[in-house]
Amino acid sequence: MRQITLHQLQVFEAAARHCSFTRAAEELFLTQPTISMQVKQLSQAIGLPLFEQVGKRLFLTDAGQTLLVTCREIFERLSMLEMTVADMKGLKQGQLRLAVITTAKYVVPRLLGPFCQRYPGIDVSLKVTNHERVMERMAANLDDLYIVSQPPEHLDIQSHAFVENPLVVLAPPNHPLADAKHISLEQLAGEPFIMREPGSGTRKVVQELFDRYEIPIKVKLEIGSNEAIKQAIAGGLGISVLSLHSLNLEGNNGQFSILNVEHFPILRHWYVVHPSGKQLSVVARTFFDYLQAEGRQIADLKNALEWSAELAHFAQ
Ligand code: PGA
């Protein structure tokens, strides 16, 4: 195995990630026969086949899966070495891999702006997906840091809450309950609800609240995107629960009313999280510290909380 080269591992990793020699060749600007040859030599050095072809599809064998895990560990180590050496030279550079829940996409890019200006050598890869997928990515150790509203209880993790994330009930402005005060959950039972997809943290917390009071939710529409949900509310299809931050960018503009419902807003936080055992790269540690020190101030929830007079009654 000592004959194995880094180049072969790079080729193999790309082929395994794409499950395709052709796409690996495109990505690495190599020819398809070169990819086949490198994978063949690697598999000879390992002594077992790495891929198997079933029909037209390519699958990793067990040996291939194991090699892929090792490959990722080697590349992660190398990139940490690069960052540590850059840090010794007084530079912060390398890649920061973040996976964040969908509600955080309204704030994380704004946090990244000043961060990347301060550290121009840092490149960011930002994966935005729902709570369940972020948890899967954490379990597979795919990213440096994760931003979630509900840190996992069953994993040993380090976390820090850096910004509030209140969830509110949104309705179209002409909704009959728009001016009502202290709306009960029972009153919402008959309302057509627009729900996020299963696996969403927002959905889970809404469902748990209604389940706790044994009130059924009439789900009219299920959509996997906060932005599409906003359009559906504006289009009069129903009401929904979304993060207040989802209104922050463009403000309310009279498109929505925030209903004054008991138990709302659901006050949550965003946490930056990583598994305790994970050795953070210099870049990831720098971002973690930055969120702790400056996250709240830059995300500036105050703007979000202040734009709407309708929210004032929650403060009373
Ligand atoms: P979601 O997460 O994007 O999975 O709904 C939001 C949250 O958990 O607050």
Side-chain angles (χ1 to χ4, degrees), residues 100-107 128-136 147-154 164-248 252 254-271 301 304-305 308 310-316:
V100 312
I101 51 171
T102 66
T103 51
K105 75 174 178 197
Y106 298 101
V107 158
V128 181
T129 183
N130 71 22
H131 176 84
E132 204 166 283
R133 298 281 99 73
V134 172
M135 289 299 124
E136 284 168 10
I147 292 176
V148 291
S149 280
Q150 226 174 351
E153 282 162 11
H154 57 287
E164 299 88 341
N165 174 30
L167 299 182
V168 291
V169 183
L170 293 182
N174 57 358
H175 193 277
L177 293 174
D179 295 321
K181 301 273 179 225
H182 309 297
I183 302 163
S184 65
L185 289 184
E186 283 89 349
Q187 281 174 276
L188 296 189
E191 292 289 330
F193 233 90
I194 307 164
M195 271 292 217
R196 284 281 307 278
E197 77 289 358
S200 143
T202 313
R203 176 186 176 121
K204 186 161 174 273
V205 87
V206 173
Q207 192 72 58
E208 279 170 2
L209 176 67
F210 280 76
D211 286 354
R212 201 176 323 134
Y213 294 95
E214 297 180 4
I215 295 167
I217 303 181
K218 196 169 115 190
V219 180
K220 165 100 177 162
L221 196 60
E222 209 175 80
I223 317 183
S225 139
N226 299 326
E227 285 308 301
I229 289 182
K230 279 163 60 183
Q231 296 308 320
I233 299 170
L237 282 168
I239 63 170
S240 189
V241 174
L242 287 179
S243 164
L244 187 58
H245 287 280
S246 67
L247 300 181
N248 196 17
N252 192 353
Q255 284 191 76
F256 306 100
S257 49
I258 300 177
L259 298 188
N260 181 346
V261 180
E262 61 178 2
H263 308 294
F264 282 91
I266 301 176
L267 288 176
R268 311 179 85 206
H269 286 83
W270 282 315
Y271 297 81
L301 182 72
L305 289 170
S308 168
E310 290 147 278
L311 260 190
H313 49 243
F314 286 123
Q316 287 155 19

(request) Measure across Ile215 and Ala189 and return the closest heavy-atom pair with its distance rounded to 0.1 Å. (result) CG2-CB, 3.8 Å
(request) Look only at the side chain of His175 and the backbone of Leu177, and say whether a donor-acceptor pair between them is shorter than 3.5 Å. (result) yes
(message) If the condition is salt bridge (charged side-chain N to carboxylate O under 4.0 Å, His left out), which residues does Glu197 pass it with, not counting sequence neighbours?
(response) none
(message) Checking the side chain of Glu164 only, and the main-chain atoms of Leu267 only, is there a donor and an acceptor separated by less than 3.5 Å?
(response) no
(request) Return yes when atom CD of Glu208 has more than 12 non-hydrogen atoms of other residues, nucleotides or ligands closer than 6.0 Å, and no otherwise. (result) yes
(request) Hey, could you give me the OG/CG distance between Ser257 and Asp179, rounded to the nearest 0.5 Å? (result) 8.0 Å
(message) So which atom in Met135 and which in Gln150 form the shortest heavy-atom distance, rounded to 0.1 Å?
(response) CE-O, 4.1 Å
(request) Evaluate the criterion side chain to side chain contact (heavy atoms under 4.5 Å, CB included) for residue pair Gln187 and Val261; output intermediate values, then yes/no. (result) CA-CA 9 Å; Gln187 281 174 276; Val261 180; over 6 Å; no
(message) Just to verify, which of Thr102, Val148, Val100 counts as forming a side-chain contact (heavy atoms from CB on, under 4.5 Å) with Val134?
(response) Val148
(message) Run Val169 and Ile183 through side chain to side chain contact (heavy atoms under 4.5 Å, CB included) and show every step you take.
(response) CA-CA 11 Å; Val169 183; Ile183 302 163; over 6 Å; no
(request) Sequence neighbours left out, what passes side chain to side chain donor-acceptor pair (under 3.5 Å) with Ser149? Give chain and number order. (result) Asn165
(request) Of all the heavy-atom pairs spanning Phe256 and Ala234, show the shortest one and how long it is. (result) CE2-N, 4.0 Å
(request) Of all the heavy-atom pairs spanning His263 and Tyr213, show the shortest one and how long it is. (result) CE1-OH, 3.1 Å
(request) Name all residues meeting the salt bridge (charged side-chain N to carboxylate O under 4.0 Å, His left out) criterion together with Arg268; count only those two or more places apart in sequence or in a different chain, and write none if there are none. (result) none
(message) Could you report the tightest heavy-atom contact between Ile223 and Ala228, atom names first, then the distance?
(response) CG2-CB, 3.5 Å
(message) Quick check for you: to the nearest 0.5 Å, what is the distance between Ile266 atom CD1 and Ser243 atom OG?
(response) 11.0 Å
(message) Quick one, His245 with Lys105, criterion side chain to side chain contact (heavy atoms under 4.5 Å, CB included). Give me CA distance, side-chain angles, the key distance, then yes/no.
(response) CA-CA 9 Å; His245 287 280; Lys105 75 174 178 197; over 6 Å; no
(request) Could you tell me which residues satisfy side chain to side chain donor-acceptor pair (under 3.5 Å) with Gln231, sequence neighbours excluded, listed by chain and number? (result) none
(message) What's the separation between atom CG in Leu221 and atom CZ in Arg196, rounded to the nearest 0.5 Å?
(response) 13.0 Å
(request) Give, for atom CD1 of Ile217 and atom CZ of Phe210, the distance between the pair rounded to the nearest 0.5 Å. (result) 5.0 Å
(message) Ignoring hydrogens, what is the shortest heavy-atom contact between Ala178 and Pro173? Give both atom names and the distance.
(response) CB-O, 3.5 Å
(message) How long is the straight-line distance from CZ of Phe193 back to CG of Leu237, given to the nearest 0.5 Å?
(response) 14.0 Å
(message) Between Leu244 and Ile258, is the side chain to side chain contact (heavy atoms under 4.5 Å, CB included) condition met? List the steps.
(response) CA-CA 9 Å; Leu244 187 58; Ile258 300 177; 3.9 Å; yes
(request) Run the salt-bridge test on Glu132 and Lys204 with the 4.0 Å N-O cut-off and return the result as yes or no. (result) no
(message) Rounded to the nearest 0.5 Å, what separates atom CG in Leu242 from atom CD1 in Ile229?
(response) 5.5 Å
(message) Going by the rule side chain to side chain donor-acceptor pair (under 3.5 Å), which residues pair with Thr103 if we only count those two or more places apart in sequence or in a different chain?
(response) Trp270
(request) Would you check if the side chain of Lys230 reaches a backbone N or O of Ser246 as a donor-acceptor pair within less than 3.5 Å? (result) yes
(message) According to side chain to side chain donor-acceptor pair (under 3.5 Å), who are the partners of His131, at least two apart in sequence or on a separate chain?
(response) none
